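Heads up: the structure comes next, in structure tokens.
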Amino acid sequence: MSLKVHNSYTRQKETFAPITPGHVGMYVCGPTVSGESHLGHARGFITFDLIFRYLMYLGYKVRYVRNITDAGHFEEEGREAEDKIAKKAFLEKLEPMELVQKYTKLFHWGMKQFNNLDPTIEPTATGHIVEQIEMIKKLIRDGYAYEVNGSVYFEVKKYAEKYPYGKLSGRVLDDLLETTRELDSQEEKHARQDFALWKSAPPEHIQRWVSPWGEGFPGWHIECSAMSTKYLGEQFDIHGGGMDLLFPHHESEIAQSTICNGQTPARYWLHNNMITINGKKMGKSYNNVIRLTELFSGDHPELAQAYSPMTIRFFVLQTHYRSTLDFSNDALQAAEKGLKRLWDAYSELMKMSVDPKKQINPEIENQFNTLCGEFDEFMNDDFSTAKILANMFSLVNHINSFKSGALEKYTLSEATLEYAKRQFKNYLEVVFGLKQETAADSEKLNAVMELVIDIRKEARNRKDYATSDKIRNQLTQLGIILKDEKDGHVSFSIE
RNA sequence: GGUCACGUGGCCGAGUGGUCAGGCAUGGGUCUGCAAAACCUUCCACGGCGGUUCGAAUCCGCCCGUGACCUCCA
């Protein structure tokens, strides 16, 4: 059973085989730190964290490179160059690097909330200006780039004579010519589909570097080519990003790297789909973003309540990564409840032990083994996390039934129980990266709760329900939920 | 306008040519001093019209609708 992934480049599911056995090189387009991350970004980073985790779970040694884009890009090709970071900095009266640092920190904080693992290398664009300039020089030397007034452009038409430009994004060069919008001041470029490798910086531009073509700043696509080549080599295994980067970003990356390195940069291109809100993509240009800080605090007009990072993570995992995922309060609330039920049952499972006095039911044994076995199968099928969760929920019923319901008189065999525990732990915690959110494990709190529960128990024994209900109700108001279990044991959980 | 996706029950979402996705919500029940939780049960969908097939939500065609990309964007 081997891992199959959907390769955007071939539009097919392919068996994954790394270039170097046992090792995987993966590059994922990271954030532009000129603003705060939002829910849409989170989906991509959670998706590739999942893939990173799963590759490691399969035993690969993974080098996961995710860049930080801290050099400004121009707003619109052909128009007056406008550095996003410089512009915002002016508005906020901050130095560009001050802004970069602020949003980089905030980004890292967000990733931590989601329990995303750190990439193995997180290079910055500003830290690799030299590598980018070297790459541009090579492109000029090979005749695929030209300089005009201190700016350098990539000549797409020439590239397309020898290479399949547009293959990744399914575009035909001639169509592009016809369908590209009318843009102003394109006169510098030989052809409108050419893209900038280096832009000459106007005097007011704050971020600028010395180059063979004068002071300027790098173009939009070159940083990823330069950094992926530097850290992963001329060809690597996986390149990831959002579907909206397919064109022109990844297409251009392929063109640049192919000329510089003589081969297509990545063997497998993986793209996650967007999060939509009210049917529309969540994005800056739609003015419908929900920032992570707003999501966690509930402080946003679209939000009925705050949603925890794990709720979001679970919400993302319930959908296949290549499908759009529609945001709504109903959907998030459903995810929140579902996750709680799943996690409660998981905790229960981990506490279960084989009871030799009870009998083994072959049918249930079989279901546990089949459903748990399918976890691997589904994950290998292009990371079908939704199907794994469905299987888990089927087992949730059984687990709960063992405790109090219809299966009370049965037990699992030692082997099956251990297998189920292993699979649940591996998938929920190791691969999916979910974790317990409430920090209820303070020794003193537990001792206090024990005392309170004991007092309430005495009241109940006296049939003094006024007192027992008062205790429970007031605790509920504090966010501590008491449950009277069937066996007389009282448990509590913290909201 | 071009290219590419998608349209599944109240909501979110898997999915395959011929038994069931799953979650949440809803109705009923069991349990409980009452709650909560849990369990059982209910809800049996696949945009429209044709076609292929013994059989299609799943394949093909047309139509309708929605979205993404073509411009910074995960």
Side-chain angles (χ1 to χ4, degrees), chain A residues 11 28-32 34-35 37-48 72-79 82 84 166 169-172 174-181 183 193 220 240-249 271-276 279-286 289 314-315 318-320 322-342 344-345 348 378 384-394 396-401 403-408 460 463 465 468-469 472-473 476 481-486 491 493:
Chain A
R11 284 147 214 262
V28 174
C29 292
T32 301
S34 61
S37 296
H38 64 253
L39 179 57
H41 300 117
R43 185 189 191 180
F45 297 131
I46 289 171
T47 298
F48 287 102
H73 297 309
F74 18 95
E75 250 353 334
E76 204 159 77
E77 182 68 24
R79 290 203 185 160
E82 181 176 63
K84 261 161 72 180
S169 55
R171 254 153 255 264
V172 179
D174 292 341
D175 291 344
L176 277 177
L177 283 172
E178 285 169 30
T179 58
T180 302
R181 257 193 231 174
L183 295 171
Q193 70 272 25
W220 175 29
M243 274 183 183
D244 50 353
L245 294 179
L246 232 29
F247 189 90
H249 184 56
H271 289 94
N272 63 278
N273 215 316
M274 306 292 105
I275 280 186
T276 57
K280 276 238 184 297
K281 173 186 162 185
M282 187 177 285
K284 282 172 213 164
S285 31
Y286 296 102
V289 302
F314 179 76
F315 178 60
Q318 265 189 314
T319 310
H320 188 86
R322 285 190 293 111
S323 301
T324 52
L325 172 57
D326 197 55
F327 168 88
S328 70
N329 283 291
D330 284 347
L332 260 303
Q333 281 161 4
E336 185 178 77
K337 286 185 187 167
L339 174 60
K340 185 179 185 318
R341 199 162 88 90
L342 177 61
D344 285 349
E348 191 52 43
F378 291 157
S384 296
T385 52
K387 289 163 104 177
I388 294 173
L389 288 173
N391 274 20
M392 284 181 173
F393 276 109
S394 300
V396 164
N397 280 352
H398 285 342
I399 292 164
N400 287 329
S401 292
K403 194 183 177 197
S404 60
L407 301 176
E408 216 169 352
R460 290 181 72 207
K463 299 227 189 298
Y465 296 121
S468 73
D469 285 355
R472 188 174 61 196
N473 291 339
T476 302
I481 314 295
L482 289 189
K483 278 199 285 188
D484 295 320
E485 309 276 357
K486 215 179 171 185
S491 65
S493 60

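Since we're looking at a predicted model, the values are computed, not measured. Order of the sequence lines fixes the chain letters, A, B, ..., with proteins taken first and strands second; residue numbering starts at 1 for each chain.
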Is the ring centre of A:Y465 under 5.5 Å from the base ring centre of B:G33, and are the two planes under 30° apart, so that they stack? yes
So for A:N397 and B:C39, does any side-chain atom that can act as donor or acceptor lie under 3.5 Å from a complementary atom in the base? no
Sub-4.0 Å heavy-atom contacts from residues 326-336 of chain A onto RNA chain B, ordered by number: A:D326, A:D330, A:A331, A:A334
What's A:K387 touching, base or sugar-phosphate or nothing? Going by heavy atoms closer than 4.0 Å. sugar-phosphate
Runs of at least three consecutive Watson-Crick or G-U pairs, both distances under 3.5 Å, are what I'm after; which ones involve RNA chain B? B:1-7 with B:64-70, B:10-12 with B:22-24, B:27-30 with B:38-41, B:47-51 with B:59-63
Using a cut-off of 4.0 Å on non-hydrogen atoms, how would the nucleic acid contact of A:G40 be classed: base, sugar-phosphate, or nothing? base
When you compare the protein's N or O atoms with those of nucleotides 41-44 of chain B, which come within less than 3.5 Å of each other, and at what distance?
none

Which atom pairs link the protein and nucleotides 5-10 of chain B when you take only N or O atoms and keep those under 3.5 Å?
none

Identify whether any heavy atom of A:K463 sits under 4.0 Å from a base atom; if not, whether one sits that close to sugar-phosphate; answer base, sugar-phosphate or nothing. nothing
Could you state the atom-to-atom distance from CG of A:L482 to C1' of B:A36 in whole Å? 10 Å
Classify A:L325 by what it touches in the nucleic acid, base, sugar-phosphate, or nothing, heavy-atom distance under 4.0 Å. sugar-phosphate
With heavy atoms under 4.0 Å as the rule, sort A:S323 into base, sugar-phosphate or nothing. sugar-phosphate
Determine the minimum heavy-atom distance between A:T319 and A:T324, stating which atoms define it. CG2-O, 4.0 Å
In whole angstroms, the gap separating C1' of B:G22 from CD1 of A:I388 amounts to 13 Å
At 4.0 Å (heavy atoms only), tell me whether A:H320 reaches a base, stays on the sugar-phosphate, or touches nothing. sugar-phosphate
With sequence neighbours excluded, what pairs up with A:K337 under the side-chain hydrogen bond (donor to acceptor under 3.5 Å, both in side chains) test? none
Could you check whether A:G44 gets within reach of a base, just the sugar-phosphate, or nothing at all, counting any heavy atom under 4.0 Å? nothing
Report the residues that fulfil side-chain contact (heavy atoms from CB on, under 4.5 Å) with A:H271, sequence neighbours left out, ordered by chain and then residue number. A:S8, A:L168, A:M243, A:L246, A:H250, A:W269
Counting only side-chain nitrogens and oxygens, does A:R341 get under 4.0 Å of the OP1 or OP2 atom of B:C39? yes
